[in-house]
Structure formats: structure tokens, C-alpha cells
Amino acid sequence: MSKLKAKAWRNDATAKVTGRAKYTDDLKFVDMLHAVPKYTDHVHAKITGIDTSVAENCEGVVCVITAKDIPGQVYWGQIQKDYPMLAQEKIRTHGDVVALVVAATREQAIVAAGKVVVDVEKLPAVFNPKEAMHPDAPLVHEDKGTNIVVHHRVRRGDMKDGFEAADFILDEKFNTQFIEHAYMEPESAVCNPRPDGVMEVYGSMQHPFSTRRFTAAILGVPLSEVEVITVPMGGGFGGKDDTAAIVCARTALAAQITGRPVKMTYDREWSIRESYKRHPYVIQYKMGVSKDGRITAVQTSMVTDAGAYCSVTPWVTWRSTVQCCGPYKVDHVHADVYGVHTNNVFTGAMRGFGSPQVNFAIEQLVEMAAEKVGMDPIAFRRKNMLRQGDTTVTGQVLDTHTVSLDQVLSNVMNEIDYVQKLKRCTYGMSDSDEEYGIGLALSYRGMSLGAEGVDFCSAIVNVQADGSILLETGIHENGQGSESVMILVLAEALGVKKERIRYRRPSTSTIPDSGTTVASRGTLMGSGAVTKAVDQLKAVFAEGLAETLECGESDIQFKDEKILSTSNNKWISFEEGVSILFSRQMYPFAMGVFKAPRVSWNEENGQGDAYFTWVYGCQAVEVTVNKKTKKVKIINAVASHDIGKAVNPPMLLGQIYGGMAMGLGYGLSEEVVIEQGVIQNTNFHKYKILRATDVPEMTGIIVENHDPRSPIGAKGIGEPALEITAPAAANAVKRALGIRSHSIPIKVKEMLNKEV
Amino acid sequence: MKTIINGVKISLRAEWFDKDLLDFLREDLDLTGAKRGCGIGVCGTCVILINELPVQACKKTVADIVDMTVLTIEGMSNKDDPLHPLQQAFIDAGAIQCGFCTPGMVLTAHAFLLKNNCPSREEIRKAIKGNLCRCTGYQQIVDAIEEAARHYRK
Ligand code: FES
Ligand code: FES
């Protein structure tokens, strides 16, 4: 039972708990119209005609918009510009939108959308990525000439040597599924064409700057003419990037064409149909192990379904590539990771990116290897795990921060009493219907974007004449509490109370583009930028106050709401300091920029310093499996994560609990079922995310090895929390039933049937 | 015909009766605290209380609130008053992340605690089973409700 310890604090809690927080669909503008998307029944087809005439004459309809009405770019995307804002010549997947119907009310728009007639010539479709790789397979994008989106490699050491050194060779295949983000708030956008010519965008999206790029592109206007304003968002988990941005861009298009404010809010069914999913993987591993329990070589091939559009598939698969052997030292590695187009729903960013899939496989594989060698799986892990100063499979030496795998592993084992509980596992031999098992999993994770992209972030601190402070950063509040973290970091660095600080509602027009709030980079990058801003701000204060305090600039310190001199103990209040600055015509204002340290990557051999720092985590799960009902019950879950420094511990624990619950759903219940390109479970009665009764009591143990490369020592938690829960559960189910599932979600019925 | 919503009497017209109750609250009364997460009665983001019982507004029509007393999240605490102890407990426990499930979760818990002011954690979990939360893993929500229970014992 967890007891309330430190009280949590976040700046937006009161607004949210009283229902006063206004999410996108809660906003209204005078004269506002409503837009809805028009889908077709097809998954791959040539569009030969779109007849909007009947729909246009329906009650309340203002206009029906198709691709020909787009003044700017029809195709856009973060990496490849292959996503049609409105399908033009071809339908490539079931979620493609061919038209927008704009009407006085949403109901009228929905009725009219049913009257838009789309004529097509059907095309042969492909749904299996392995088949799609074949040269004769139907092409999803003819202009690309191939369905293969990306192929990453790791070439390290010598495979012949590696396998020759092995006494045992394991050859195993694993499968993972499509997953829906299932943010509770479906996509929504409200766009207001302002009299000054700027398109104002409010949206449920997690990347204002990406949304601005999408919107400016479709409208054919410069970035300065689109202002994306952040409002509270009902969850994202990586899922409110492309699709959410596209919903905003289309809404802006409708607003531009009609000259009136337009709202477009998605039904859950539209959201699940159209929005991108977590990449499903087919992973083949060949692992060589020596008698004494050393991993001598790993050869792996991973193929994932990118669906119809590229999105961030090259980046997701890159993370799988870099972390292809889990947190273990392997000298001989040969990895090929492919992302391939099909006519399925497209896949993109989701909490964890390309690592949960790999971890599911590798954390089971190491246990199988241990079994083969006749070694305890924990001892096997300890023998092979990366330690201080070791070199990763991409050739990165881990010597700039504390490598804490052993520490997190021990924490979890002690807390859950692993060794004792291991003895209680039933391996399918229980006398009753109920089998019991415990399992754990381990991971390391590269922080922030790594060699995926340009990684920098800004923060603006603007102290007002009365001593109150406005703060904004380029990090987006996804619901995780990033604004609160930034406020706490600023308060501590400047030695003032957090009550002085107001987080300014961010807009793309007031702060420089700081990249996406993804990859668990919010705290790391944002706090870095705040710290840099505070350094500059302190310099302004020092310059302006040295005379008053009769000391040198370097003697000035900030503490307990005071500005003081260490050389003579003179001090003034923060307010006094501020008013002296203003009287001297100096602004206590600063913009700080934090640039991620350099990383490197060689795409040819997959070698380089992929990420500037790493985090380490371990999770354990206990389950019972009922042989009669075939149900898995999770009875306990424990996690330990080294996150560098905890800024807001209760919220950090919330990230751990939320991540584990999502990870348990990933392992045990969630799956987007797609038949011939059509998603079968488009709402929560069929797409099962875990409920309060499905989730166990959880324990989180925070480890704080400050990271010298992070200005305040902090790293991140959003994704590490989710990426090893499924393999921990899989290992637990194995110890309960005595058999192993090579795929998720784990289906006990199928496992037991296979056995018979 | 009338209804009482958050203590305010509202007269209802017969032509509104077929209207989706959630739309009525959100669009016509601007009570946007209740959210539409699924629209089919399985997520609980639209939960309001009708005569102190939790109800999914998306599954009801205006006719269902005739002569009833309705409580939405906006009615849990007045603008300038301190928060309801249950709301404060949600904040203190860290039970709020994106906040989209929060209004429905708070109201469901409120109705439950009115009936059972000394619940076990298991009972709390059962009570909020109809409310999905994708962010928190429920743990701190259960903490909040457990902590708030003592205020219902007074
Ligand atoms: S919106 Fe009513 S239960 Fe989901
Ligand atoms: S806090 Fe986001 S869904 Fe519950």
C-alpha cells in the first residue's frame, strides 16, 4: 500500500481538478463553423472522381474542400513529404481523408459527409511488410520505386569469430503488435483567421512547431503567419504529432477558405482509424553464448510495418538499431533493421519509440540463453551487462555518467524479494488452477534525440518590475507536468519562491523552435535551457547591483528571496534588486539556450556515439495465471530508474506508474486488430486499455546519479518507465506456466493450446 | 419541466429531450468539464452525477434529467471557495496528469465515498473501474480517494 508522502504540486492542477481547464474542444469562437473528415471504404485505390455537389447542397453546409482547393503543399511530412493532407490521386490506406465538409453544426457536416461520392479504381494492396519488400509487391508510393522506407545496420566485430567462440547458439523469433496511444482526448483543432492575417491555431497536439510547419505548408504561407497556441492536452504519449498536426492544418485550411473560425473534433472511431500506431515488429535473433555464460555474438534482423506513410519510421527504427542488443556488452554484432510501407495504418512515434519491441525480445532471449548454459538469469545478466567504461554495440564508451544497471537491478530485487519469490514459481506444475511467476527486465536508454536530429532548446525568463517572473520554454506540456518542472528548476536556480513564477502560455510566435517534446527530453533539455537563462540573468543582476552591494560582481549570490554579497554580507530583497535594475535602465530578462552535446553516427556500419547520455532501469512483475479462465493477473510491480535527479518526485512516480500500466497493457491486453487494412477495434469497448482493477499496486524507486552533461543533473523518465514492463511480465508468465510467449499481447489460451 | 444543475434551477423545453445530454451540457450550458473520450459509455470521461449517482452523460438525453438534481465538476466547488477535500486530495496525491479523465474520476469517486466512507483500496479500484486513465496507472488516484475518505466520515 502506498502512503501519501510528499505532496505533489503542479501549476495546472487546480484548473484541471475543477473542470475549468479549457481543452481544445472546450473553446468556442463567435461565428464558428465545424469541419469533419470524409473517409472512403478503400485501402488502396486510384481516385477517378470526387462528387461533392449533393453534399454541398445539404442543410447548413458552407463548403466541401478537396485536395484541389489546397493553396500550398498537398503532401507534407516530418522526414519524407509523402502524407497527403487530403488524398489527391490515390487512396493508400483506410484512414485517408478525401474531403473536408464544413457546416454550421457538426451534425450537419457529418450528414453531408455521407453524401460525398468518391469514384475509384481499386488497386491490389499489400499488408505484410515482408511481402511488401518483394520487388513484385504492389507499390504504396510509385514515386519511391520501393516499399522499403529505411534500412539501418550495425556491423561490429566479426561474426565468424563471434559464433566460433560460442558453445551454444540460440535462434529465436519474436513478434510485437500494433498499439494505439489511446490518449483520452481525441484529436481536436480550432482555427481562427485573425484580422491581422495570422492564422491562430489551438489544437490537441504535442508539437506546436511541427504543427506550425504542417499548417504553413498546406496554407502556402510563411511560418510567421501561423501562430500555434498551446492549450491543455488530454494525453499524447508520442501520438499527437503527425496526425494531430494534420488535423490542425486541415482545420486551418477550412478557416482560411471560409474566412471564419472552424473547429474540427474527432470521434474516437476516426481517431483510432486515422492516427498512427506503435510499430509492430518481427524480430529474428541468433545469439551465440559460451559455456561460461558470455554472449559472444548477436545477429539480428528486424522488419517493421511503416504503414502507408513514412512519418518518423527512420527514427523509430534507428533507436531499435542502436539498442539492438539491450544493455549488454557484445563484441560481434550484425543487425539489419527495415521499415517497410504497406497499405496498413501508418506507424509513428509512441512512448518508447523503437525500444519496447526490442526489449520484449532481448530480455526474454537472455533468459533463454541463461537457461541453455544452465546459469541463473540474473547471474547471466550481471556477467554481460554494460558497466562503467564499457563500450556499447555502436562503439560508444559509457564514461561520461554513472552506469547504474547493477544498482537498479539490486534495488528491484531487494524491494520485491526476488530471490525468495523465485522459489515459489510454479512452472505449470501447480496443484491448483492458479500458477505463479515472477519476472524482471533490464534496460538502458539513450536520452533525447541523439543522432536522430538537431537537438536544442530555449527558455525565456522575464522578470517584471514588481519582482514577479514570467517563464516560458520551448518544451510542451503534454500532461506530464513539464511546466511545473520548469518552474521548480527556475525557483531553485534563482533562489526564489515558486509562487513568484508564472508559466506563460507558449505560442510559436514568442519563443524559438525548440523541437518536439518527445524522446523523454522535456526535463533534460528544458531544465538545461532554464539554467542557461538563469546564468545570464544572474550576470545582469550582478552587473547592475555590484555597486549597491559594494562588492565584486562575482560575489553576488541568490538565496531565500534575497540577493546578497558573500564578501560583506550585505543584502537586498529580490524586489529591491529588480527595481534598482529598472532604475538603471536594465532589463532583468534572459533567453537561455541549451544545446545537446555532440553525438555522432555512421550509417554505413552503425557505429558512433549515438546519444549524449543514457538512463538505466529495471522492473519486476509478479503474476498469477489461471489455467481454467486463461487469465493473467498482475499482482505486483516494482520499478527502479536512474533519472539523474528528481525535480518533482511525486510527478516522477506518476510517470513511472503510468508507464508501467501502459507497459502491462502492451504485454497483456492491447492490440490494434487489422483485417485487410481495416482496423476492427476503433473504440475502447474492443481496444482494451487497462482499468483500475487490472493494475496492481506499484512501487517506484528513484535513483539519482546526477549527470554531469545535464546542467541540473536530471535526465528523463517518460519512456524508460514503459519499455521493460512487457518483457518483465513475459518472463513472469514463463515462470508461471513453464512455457514462453514469443509474441505480445500474451495470449495464454494460444500458448496452452500450442503445448497440447 | 425543470432540472437542477449545480444548484441552479433550469427549465427544460420538450424539444430538447432527445438531445444528447453531454452535448447539452457542453454546447448549450457551456459546462465543458465533462469530456467526450469515447462517446459510447466505456471511458467515463463524461461522468456526471444525477441524484448523486454516477452516470455517463454520453449515454443519456436531456429527458433523463427532468426533475433530477445534476452535479457536474463545475459544481464541486465554488470559484472563490477552497477546493472540495476530494479535489485537494487529487492534487496532493499527484493524481492529475493530463487531467482529461479527472472530472469524471472525481465525480465517480465522490458518489462512491458518499456511500462508502471507509473503503479498501480494492473497493476504490472497483468503484473507478468504469473510468479510464491512460496517464497515471491509477495508483495516485487510488491514493487520493483513500486519503479523501476521512473527510466523508465527518
Ligand atoms: S464519453 Fe461517455 S463514457 Fe466515454
Ligand atoms: S490524467 Fe490523463 S487520462 Fe487520466
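Chain naming here is simple, since letters A, B, ... match the order of the sequence lines and numbering starts at 1 in each. This structure is a prediction, so every number in the text was calculated from the model and none was measured.
- The candidate with the highest count of non-hydrogen atom pairs below 4.5 Å against chain B, out of A:P650, A:G19, A:G654, is A:G654.
- Applying the side-chain hydrogen bond (donor to acceptor under 3.5 Å, both in side chains) criterion to A:Y687, with sequence neighbours excluded, gives A:E670.
- Under a 4.0 Å N-O distance rule, the pair A:E697/B:R125 qualifies as a salt bridge.
- Applying a 4.5 Å heavy-atom cutoff, none of the residues of residues 47-71 of chain B approach chain A.
- With a 4.5 Å cut-off on non-hydrogen atoms, A:A21 touches chain B through its backbone but not through its side chain.
- Contact annotation: the side chain of B:M76 never approaches that of A:T18 to less than 4.5 Å [non-hydrogen atoms, C-beta and beyond].
- Not one N or O on the side chain of A:Y23 forms a donor-acceptor pair closer than 3.5 Å with the backbone of B:G33.
- There is no contact between A:S271 and chain B, counting heavy-atom distances below 4.5 Å.
- Taking non-hydrogen atoms and a 4.5 Å limit, the residue list of residues 2-29 of chain B in contact with chain A, ordered by number, reads B:D23, B:R26, B:E27.
- The contact between A:D25 and chain B is made by backbone and side chain atoms together, counting heavy-atom distances below 4.5 Å.
- Looking at A:F237 and B:C135, their side chains come closer than 4.5 Å, going by heavy atoms from C-beta outward.
- Taking both residues in full, the closest heavy atoms of B:R134 and A:H181 are given as NE-O, 2.8 Å, listed atom of the first, atom of the second, then distance.
- Residues of residues 38-45 of chain B lying under 4.5 angstrom from chain A, judged on non-hydrogen atoms, are B:C38, B:I40, B:V42, B:C43, B:T45 by number.
- Annotation: maximal heavy-atom pairing with chain A below 4.5 Å, among B:K35, B:K126, B:Q88, occurs at B:K35.
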